[in-house]
Peer 1: 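Once you've had a glance at the structure underneath, I'll fire off some questions.
All values below come from the heavy atoms of this structure, side chains included, with hydrogens, waters and symmetry mates left out.
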Amino acid sequence: MTKLIQVIKGTHDILPQEIELWHFLEEKAVKIFNEYGYKEIRTPIFEATELFARGVGDTTDIVNKEMYTFEKSDRSLTLRPENTAGVVRSFIENGMSRLSSPVKLWYKGPMFRYERPQKGRQRQFHQLGVEMFGIKDPTADAEVILMAVNYLKSLGLNDLDVEINSLGCPKCRENFKQKLKEVLKPELNNLCEDCQNRYEKNPLRLLDCKVESCKAIFEKPEIQKVIQSDFICEECKEHFDKLKLYLDKMHVKYSVNKLLVRGLDYYNRTVFEIKSNNLGSQNAVCGGGRYDSLVKNLGGEDTPAVGWAMGMERLISLLPAKESKKLDGYVVSNYPAEAFELAEELRSLGYCVEFDLSNKKFTKQLEKASKVAKFALILGEDEIKSNKISVKNLATSEQKTVSKNELRSIL
RNA sequence: GCGUCUGUCGUCAAGCGGUUAAGACCUCGGAUUGUGGUUCCGAUAUGCAUGGGUUCGAAUCCCAUCAGACGCCCCA
């Protein structure tokens, strides 16, 4: 027996029975994004590896160990692990900085990360995201967050927690890192292995370590003092305060989480996450923030930007299953030519219609009709002779024999 | 990369060393040659992820491999 070929670890088929939910997510996205003036952009699924190394940051796990990279004609290419870098690349390449600000873009599509799969995490997964370019003011941050919240509400997800934080600008962040390192230095040997690595690489990441012994260390008063201190500079503080003000005005409930740092290097000032309690340990449905230096770093004009991404699979796991839509009609007949003709006629009018292709018995056809359609369109000897159709409402069992024209007023 | 747990029909499963490998759902057929969704009958695993081993005897115990789930790390 030949060995079956299976899906690749961490990838999944999206089957017909779940596709309604995907369509639902996508329809709501189009609607909301239109309301806010966002245009969809579709960028390639693979890009030059260097884009991600420079864009996402080569100290990040995503770039270091999670990319699907391959060589082709001496070029190093990578399946996109996220889409901000790609959108920024396109923004620069297509001269979008010449457009009137803000430039508002949204996208959806598959992303690829070579990670160990678990609940809420797969190697190919789908993100829905937005990016807004050209606005420095925190109104942009607020609008983007508000839009995320409204989108989630439109899906029926109301009980999610919004967490925000400010990472400051590169300058004040550097100060903070130094202070943090100073105060943690005496404890360095007591920290877990991961934290010891993070100490040099990305001290901010230390803060959300889940190891109990590390947490205990961070609870120490002198360390808490540094963590809780408003390390950010005046300008950054003002930005953050304004953001909070706008969010309050828009009735967005949020909490400030000083420990919220995000894993991509490009963020500055505002970062935020939207979390659910019903997702297992991968509990963020949405993550994003401001990235004012990314466009410049990738060779474009200095352009401030904010954005976020949502994990579509995570959203779907929070939503109740949808019943698949029923056909308008199912033609029940043992006269295939006439059944075919009727089905086609109705299809050309925009109805969703199937007919029996396997010449099953009448009762079997009707049984099938009752499962998949709202109406059974019975076309037997009598109907054909009189050029009529018997229409049976499968929910109420009402049945009428009508002409083709009358049929349209029933379906 | 590390850790924990799990692999019995398309799906959900019972079985825990000797069974003819339950049952339910789905699917298909019949009761019912033009009336379904209710009902009733019937069909569907010589095989229990794969390969070894222990045993008179293995789906059941052991080892390895593979696959999956969950957790760590990280992230959506």
Peer 1: So what does A/K360 touch, heavy atoms closer than 4.0 Å: a base, only the sugar-phosphate, or nothing?
Peer 2: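 Sugar-phosphate contact only.
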
Peer 1: Can you check each nucleotide of nucleotides 35-42 of chain B against protein heavy atoms at under 4.0 Å and return B for base, S for sugar-phosphate only, - for none, in 5' to 3' order?
Peer 2: BBB-----

Peer 1: Which nucleotide, if any, forms a Watson-Crick or G-U wobble pair with B/rG3, using both distances under 3.5 Å?
Peer 2: B/rC70

Peer 1: Could you tell me how far B/rC26 sits from B/rU38 if I compare only their P atoms? Round to whole Å.
Peer 2: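 Straight-line distance between the two P atoms is 8 Å.
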
Peer 1: Should the pair A/Y38 and A/F33 be assigned to parallel (<30°), tilted (30 to 60°) or perpendicular (>60°) ring geometry?
Peer 2: tilted

Peer 1: Using the P atom in both, what is the distance from B/rG29 to B/rA21, to the nearest Å?
Peer 2: 28 Å

Peer 1: Using a 4.0 Å heavy-atom cut-off across all strands, classify A/E381 as base, sugar-phosphate, or nothing.
Peer 2: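 Counting heavy atoms under 4.0 Å across all strands, the contact made by A/E381 includes a base.
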
Peer 1: For B/rC28, take OP1 and OP2 only and decide whether either is under 4.0 Å from a side-chain N or O of A/K364.
Peer 2: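 For B/rC28, neither OP1 nor OP2 has a side-chain N or O of A/K364 closer than 4.0 Å.
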
Peer 1: Quick check on contacts: within residues 338-345 of chain A, what sits under 4.0 Å from RNA chain B by heavy-atom distance?
Peer 2: none

Peer 1: Distance only, no hydrogens: is a donor on one side chain within 3.5 Å (strictly under) of an acceptor on the other, for A/T43 and A/S90?
Peer 2: no

Peer 1: Assess, by modelled atom type and distance only, whether the side chains of A/Y330 and A/Q365 contain a donor and an acceptor separated by less than 3.5 Å.
Peer 2: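 No, no side-chain donor-acceptor contact under 3.5 Å.
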
Peer 1: For B/rG71, does either OP1 or OP2 sit under 4.0 Å from a side-chain N or O belonging to A/Q118?
Peer 2: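 For B/rG71, OP1 or OP2 has a side-chain N or O of A/Q118 closer than 4.0 Å.
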
Peer 1: Which residue pairs satisfy the salt bridge (Lys or Arg N to Asp or Glu O under 4.0 Å) criterion with at least one member in residues 331-348 of chain A, sequence neighbours excluded?
Peer 2: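 Residue pairs passing salt bridge (Lys or Arg N to Asp or Glu O under 4.0 Å), neighbours aside: A/E344-A/R347, A/E345-A/K404.
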
Peer 1: Is B/rU60 paired to anything, Watson-Crick or G-U wobble with both distances less than 3.5 Å, and if yes, which nucleotide?
Peer 2: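 Partner of B/rU60: none.
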
Peer 1: Contact class for A/G280 (heavy atom, under 4.0 Å): base, sugar-phosphate, or nothing?
Peer 2: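 Answer is sugar-phosphate: A/G280 comes under 4.0 Å of backbone atoms only.
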
Peer 1: Using both distances under 3.5 Å as the test, list the Watson-Crick or G-U wobble partner of B/rU65, or none.
Peer 2: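 Pair assignment: B/rU65 / B/rA49.
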
Peer 1: Pick the P atom in B/rA13 and in B/rU19, then give their distance to the nearest Å.
Peer 2: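 Each nucleotide's P atom is 25 Å from the other's.
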
Peer 1: Base, sugar-phosphate, or nothing for A/N334, non-hydrogen atoms under 4.0 angstrom?
Peer 2: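 Nothing: the residue A/N334, judged by heavy atoms under 4.0 Å, touches no strand.
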
Peer 1: Who is the Watson-Crick or G-U wobble partner of B/rA31, with both distances under 3.5 Å?
Peer 2: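 Paired with B/rU39.
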
Peer 1: Is B/rU11 paired to anything, Watson-Crick or G-U wobble with both distances less than 3.5 Å, and if yes, which nucleotide?
Peer 2: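 The answer is B/rA24, by the H-bond criterion.
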
Peer 1: Rounded to the nearest Å, what distance is computed from the CD1 atom of residue A/I384 to the P atom of nucleotide B/rG34?
Peer 2: 13 Å

Peer 1: With C1' as the reference atom in both, quote the distance from B/rA59 to B/rG47 in angstrom, rounded to an integer.
Peer 2: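 Looking at atom C1' only, B/rA59 and B/rG47 are 9 Å apart.
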
Peer 1: With a 4.5 Å cut-off on side-chain heavy atoms, are A/L259 and A/E163 touching?
Peer 2: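 Side-chain contact under 4.5 Å: no.
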
Peer 1: Give, ordered by number, those residues of residues 161-170 of chain A having at least one heavy-atom distance below 4.0 Å to an atom of RNA chain B; if nothing qualifies, reply none.
Peer 2: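 Here the set is empty: none.
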
Peer 1: What is the distance from CG of A/N283 to C1' of B/rG71, rounded to the nearest Å?
Peer 2: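 Between C1' of B/rG71 and CG of A/N283: 14 Å.
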
Peer 1: How many Å lie between CD on A/Q365 and P on B/rG29, as a whole number?
Peer 2: 11 Å

Peer 1: In terms of heavy-atom contacts, does CD1 of A/I8 have more than 12 from other residues, nucleotides or ligands at under 6.0 Å?
Peer 2: no

Peer 1: To the nearest angstrom, how far is A/L15 atom CG from B/rC26 atom P?
Peer 2: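 The distance from CG of A/L15 to P of B/rC26 comes to 19 Å, rounded to the nearest Å.
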
Peer 1: Does anything in residues 135-147 of chain A pair up under side chain to side chain donor-acceptor pair (under 3.5 Å), and if so which pairs, sequence neighbours excluded?
Peer 2: A/K104-A/E143, A/D137-A/T139, A/D141-A/H239, A/D141-A/T270, A/D141-A/R290

Peer 1: Look through every strand shown and name the nucleotide pairing with B/rG17 as Watson-Crick or G-U wobble, where both distances are under 3.5 Å.
Peer 2: none

Peer 1: Please identify each residue that fulfils salt bridge (charged side-chain N to carboxylate O under 4.0 Å, His left out) with A/K72, with sequence neighbours left out.
Peer 2: none

Peer 1: For the C1' atoms, the ones on B/rG68 and on B/rU50, what distance do you get once it is rounded to whole angstrom?
Peer 2: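 The same atom, C1', in both gives a distance of 15 Å.
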
Peer 1: Suppose the criterion is salt bridge (Lys or Arg N to Asp or Glu O under 4.0 Å): which pairs have a residue in residues 381-396 of chain A, not counting sequence neighbours?
Peer 2: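 Matches after skipping sequence neighbours: A/E381-A/K385.
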
Peer 1: For atom NZ of A/K181, is the number of surrounding heavy atoms from other residues, nucleotides or ligands below 6.0 Å larger than 12?
Peer 2: yes

Peer 1: Could A/R123 and A/F112 be counted as a cation-pi pair, given that NZ or CZ must be under 6.0 Å from the ring centre and within 45° of the axis?
Peer 2: no

Peer 1: Between P on B/rG71 and CD on A/Q122, what's the gap in Å once rounded to a whole number?
Peer 2: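 Computing the A/Q122:CD to B/rG71:P distance gives 12 Å.
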
Peer 1: Using the salt bridge (Lys or Arg N to Asp or Glu O under 4.0 Å) rule, collect all pairs that involve residues 361-373 of chain A, keeping only residues at least two apart or in two chains.
Peer 2: A/K364-A/E367, A/E367-A/K371

Peer 1: Between the side chains of A/N257 and A/N165, is a donor N or O closer than 3.5 angstrom to an acceptor N or O?
Peer 2: no

Peer 1: Pairs under 3.5 angstrom, nitrogen or oxygen only, protein versus nucleotides 2-13 of chain B, please.
Peer 2:
residue : atom : partner : partner atom : Å
B/rC2   : N4   : A/R116  : NH1          : 2.6

Peer 1: With a non-hydrogen cut-off below 4.0 angstrom, is A/G287 in contact with a base, only sugar-phosphate, or nothing?
Peer 2: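 Result for A/G287 = sugar-phosphate.
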
Peer 1: Mind running a 4.0 Å heavy-atom check of residues 32-49 of chain A against RNA chain B and sending the residues that fall below it, in number order?
Peer 2: none

Peer 1: State, without any angle test, whether A/T78 and A/E50 hold a side-chain donor-acceptor pair at a distance under 3.5 Å.
Peer 2: no

Peer 1: What's the gap between B/rU4 and B/rA64 when it is taken at their P atoms, as a whole Å value?
Peer 2: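 Each nucleotide's P atom is 12 Å from the other's.
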
Peer 1: Looking at every strand, decide which applies to A/A369 at a 4.0 Å heavy-atom threshold: base, sugar-phosphate, or nothing.
Peer 2: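 Answer is nothing: A/A369 stays at 4.0 Å or more from every strand.
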
Peer 1: Do A/D292 and A/Y266 pair up side chain to side chain, a donor and an acceptor below 3.5 Å, judged on atom types alone?
Peer 2: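 No, no side-chain donor-acceptor pair sits under 3.5 Å.
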
Peer 1: Output the residues of residues 303-313 of chain A in contact with RNA chain B, where contact means a heavy atom of the residue under 4.0 Å from an atom of the strand; sort by number or write none.
Peer 2: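 Result for residues 303-313 of chain A: A/A309, A/G311, sorted by number.
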
Peer 1: Can you tell me which residue pairs pass the salt bridge (Lys or Arg N to Asp or Glu O under 4.0 Å) test with a partner in residues 26-46 of chain A, sequence neighbours excluded?
Peer 2: A/K31-A/E35, A/E40-A/R42, A/E40-A/K108

Peer 1: So A/F340 and A/F355, ring-ring contact (aromatic ring centres under 6.0 Å, His included) or not? Walk me through it.
Peer 2: CA-CA 7 Å; A/F340 203 161; A/F355 70 100; 5.0 Å; yes

